[in-house]
Amino acid sequence: MTADAVRTLYNQGNDELRAQALEPAADSFGRALAVDPSYWPAWLGLGVAWRLLGRDAEAASAFKRVLNQEPGQRFALSSLAESLMSLRRYDEAAEAFAQLLAIDPGARHGQGLLLYARLLSGDWRDVDRLIECCSRGVEHDEEVAEPFSLQAASVSPAQLQKCARRYAQRYYPPRFAAPPQRLPLGSKIRIGYVSGEFFHQATSMLLAGVLELHDKTRFEIFAFDNGPDDGSNLRRRIEASVDSLVTIRNLTDEQALRAVCERGIDILVNLNGYFGRRRQELFSMRAAPLQVNYLGFPGTLGAPYMDYVIADRIVIPPEHLPFYDEKVVWLPETYQPNDRSRPIADRTFERAEVALPEDGFVFCCFNNTYKILPAMFDVWMRILKRTPGSVLWLFAANEATIANLRREALVREVDPSRLVFGAPMQSAEHLARLRAADLFLDTLPYNAHTTGSDALWAGLPVLTCKGSTFPGRVGASLLEAIALPELIVESLNEYEDRAVHLAHHPAELAGLRAKLAQHRLTKPLFDSERYTRHLERAYESMMVRYRAGLSPDHIVVAPEPRA
């Protein structure tokens with residue numbers, strides 16, 4: 001075959017990529033490379049196809065082939081970094097982002113992506129500079145960070161809104177056109193949940209019970225699936241709980257729009273926002289009369305076509321309304337759903353089984369590492385110093401992260417062995433092992449969300465400090481909903497003293513643990529049925545306004561009467 005034939009196959013692969021025909025695209029690029037393995041544009045195209053197919057290891061190898069021939073190829077560098085992030089090789093991803101910024105200091109979102117990778121790997125060499133760079137860039141309307149990565153470090157809801165607005169304008173501007181024919185309004189409200197994570201993942205773990213408990217006499221429930229099927233029990237539960245699961249992952253935007261419109265969806269719910277396997281394009285095309293930001297992205301999406309955001313009065317207090325482009329729907333007790341049927345393994349983990357000391361106080365935090373900022377870690381190390389014999393039990397993504405955090409402990413004159421790391425574990429077993437800890441220490445400025453409700457469901461008290469943004473106020477929301485306000489503090493100084501006090505007063509902590517055990521099944525946080533009725537009232541209130549020809553407005557949902 002000639003060079004012209006290679007280029008023809010390469011162009012064919014690009015056409016197939018644009019049409020979302022990923023497997024044929026990979027085949028076309030592969031055929032071109034079989035003829036000329038040195039034709040690096042085909043390696044780049046193959047890497048993109050593999051990455052979109054979820055084959056990140058192969059994608060990373062393809063991007064490295066490009067960089068071996070073209071060391072300064074910026075798209076290959078950024079794509080390699082993103083593939084390494086998906087593979088949880090965060091230290092390598094950070095190095096790739098740093099190389100990209102060395103070549104192109106103004107690389108779009110590069111500072112924020114490097115910050116996020118550094119936080120995930122526990123590498124804080126220049127984190128303060130990166131945070132300052134992102135904050136300054138957002139204020140000057142520069143594209144320095146994606147909204148999600150900025151949430152990890154920002155304490156300003158106004159700054160997060162500005163970042164989200166800029167992101168929406170740049171990547172997801174309104175694309176309104178005459179929509180395909182919709183089904184007429186029916187007697188039932190048709191709800192469409194859009195997610196790329198309808199599998200064993202945090203959002204689905206929280207929402208599964210709601211999907212099962214929706215009143216099917218009043219609502220038709222559709223799941224528009226933009227992600228893979230992992231074959232898990234949770235995936236099977238979701239499939240069984242909805243009226244229809246519609247796969248849109250490999251559809252073009254126009255085809256996905258048609259899939260929503262043909263089912264006559266009244267309210268389309270965005271479970272991703274700017275996180276994960278998103279499909280924000282659907283919302284930018286106004287796929288449904290009402291569009292809702294819910295659960296997956298804790299903040300405004302900054303987009304004029306998003307009508308509502310689901311919240312409670314703690315995560316979005318009334319004085320924060322100016323920082324949200326959506327109208328706020330306040331649920332009465334908690335914005336976060338929880339699945340009351342989540343199993344906890346019927347076993348007791350001995351501390352030795354999970355590398356914990358038999359004696360001594362066990363603080364723990366199973367939040368993702370990107371939520372641990374140096375200032376938070378400083379507080380934790382002071383807590384350990386003030387609590388002799390104590391340890392801090394953390395989640396570990398990889399060995400590089402463990403090494404970095406242990407080095408940071410040593411810098412703060414704490415024995416690195418006092419940091420114990422827990423590996424990933426099946427959900428039921430993980431919930432059971434949490435009972436080996438004494439107190440969960442929340443993070444700031446981004447709190448525990450699913451990990452916080454995990455701890456409370458397992459019966460482990462959570463100490464939180466209320467922050468200034470939605471992500472930093474979730475811990476307080478959870479604790480209020482389970483009637484444990486004693487574990488909410490307003491400053492990190494108070495947080496440190498409270499943690500040390502509880503460690504030194506076991507009877508007081510035991511009382512809180514007993515109170516939590518009593519409240520788990522009697523207070524609102526884990527009352528899945530009650531929560532679902534509140535959410536349904538929210539949807540009904542939205543539809544009442546829509547059917548009356550009224551624009552969206554803030555909604556206060558009244559609580560269900562208690563028996």
Side-chain angles (χ1 to χ4, degrees), residues 56-57 60-61 64 77 80-102 110-131 149 152-153 349 351-357 360-385 387 389-425 430 433-434 436-437 440-446 448 451:
D56 286 292
S61 296
K64 286 180 179 179
L77 257 177
L80 171 62
E82 290 166 3
S83 294
L84 292 168
M85 290 286 281
S86 297
L87 293 166
R88 297 188 174 184
R89 291 156 59 180
Y90 303 127
D91 53 331
E92 297 175 60
E95 182 59 31
F97 283 130
Q99 290 177 31
L100 175 63
L101 287 166
Q111 302 288 348
L113 291 168
L114 177 57
L115 170 64
Y116 187 48
R118 285 273 167 83
L119 290 174
L120 280 164
S121 60
D123 180 355
W124 301 332
R125 283 173 295 169
D126 56 356
V127 159
D128 289 340
R129 179 191 66 79
L130 288 168
I131 292 173
S149 61
F349 280 88
R351 284 189 167 184
E353 291 182 75
V354 287
L356 295 172
F361 196 90
V362 176
F363 298 103
C364 92
C365 181
F366 274 80
N367 287 0
N368 208 320
T369 315
Y370 75 86
K371 298 183 182 182
I372 305 174
L373 270 63
M376 191 77 252
F377 197 76
D378 289 342
V379 174
W380 286 351
M381 295 304 99
R382 291 197 297 270
I383 290 170
L384 291 183
K385 287 179 180 179
T387 313
S390 64
V391 298
L392 177 59
W393 192 17
L394 300 170
F395 168 74
N398 55 45
E399 290 300 321
T401 304
I402 292 173
N404 286 333
L405 291 178
R406 284 189 166 147
R407 185 185 65 249
E408 293 293 341
L410 189 60
V411 167
R412 291 159 177 79
E413 300 180 334
V414 172
D415 183 348
S417 68
R418 294 179 71 182
L419 269 59
V420 179
F421 292 88
M425 186 178 281
H430 168 63
R433 76 171 164 180
L434 281 172
F440 188 105
L441 296 178
D442 202 0
T443 46
L444 197 72
Y446 199 126
T451 46

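Just the heavy atoms: all of them, side chains too, but no hydrogens, waters or symmetry mates, feed the values below. We're numbering straight along the sequence, starting at 1.
For Asn398, the side chain to side chain donor-acceptor pair (under 3.5 Å) partners two or more places apart in sequence, or in a different chain, are Thr401. Scanning for side chain to side chain donor-acceptor pair (under 3.5 Å) contacts around Ser61 gives an empty result, with sequence neighbours left out. In this view, Arg406 satisfies the side chain to side chain donor-acceptor pair (under 3.5 Å) rule with no residue, not counting sequence neighbours. Scanning for side chain to side chain donor-acceptor pair (under 3.5 Å) contacts around Trp380 gives Tyr495, with sequence neighbours left out. Legend: residues meeting ring-ring contact (aromatic ring centres under 6.0 Å, His included) with Phe377, ordered by chain and number and at least two apart, are Trp124.
Between the CG atom in Asp123 and the CG atom in Asn404 there is a gap of 5.0 Å [rounded to 0.5 Å].
For the pair Asp91 (side chain) and Ala400 (backbone), a donor-acceptor distance under 3.5 Å is absent. Judged by distance alone, with hydrogens and angles left aside, the side-chain atoms of Lys385 form no donor-acceptor pair with the main-chain N or O of Glu413 at under 3.5 Å. Proximity of a side-chain donor or acceptor of Arg118 to a complementary backbone N or O of Ala94 within less than 3.5 Å is not detected.
For Phe421 and Trp393, the distance between ring centers is not under 6.0 angstrom.
Considering all non-hydrogen atoms of both residues, Leu384 and Val391 come closest at CD2-C, 3.8 Å. Across all non-hydrogen atoms, the minimal contact from Ala355 to Val420 is O-CG1, 3.5 Å. In this structure, Pro424 and Arg88 approach most closely via the heavy-atom pair CG-NH1, 4.4 Å. Here the shortest heavy-atom pairing between Met85 and Tyr90 reads O-CE2, 3.4 Å. Counting all heavy atoms, side chain and backbone alike, Gly110 lies closest to Leu101 at O-CD1, 3.7 Å.
You'll find the side chain of Val379 stays beyond 4.5 Å of the side chain of Leu444, heavy atoms only. Side-chain contact between Leu87 and Glu92 is absent, with no heavy atoms from C-beta onward closer than 4.5 Å. Between Arg407 and Pro416 the shortest side-chain heavy-atom distance does not fall below 4.5 Å.
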Could you list the donor-acceptor pairs under 3.5 angstrom formed between side-chain atoms of residues 367-376 and any protein atom two or more places apart in sequence or on another chain?
from	atom 1	to	atom 2	distance (Å)
Asn367	OD1	Thr451	OG1	2.6
Asn367	ND2	Thr443	OG1	2.7
Lys371	NZ	Asn447	O	2.9

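Atom CZ of Arg351 has more than 12 heavy atoms from other residues, nucleotides or ligands within 6.0 Å.
Salt bridge present: Arg129 and Asp126 bring a charged side-chain N and a carboxylate O closer than 4.0 Å.
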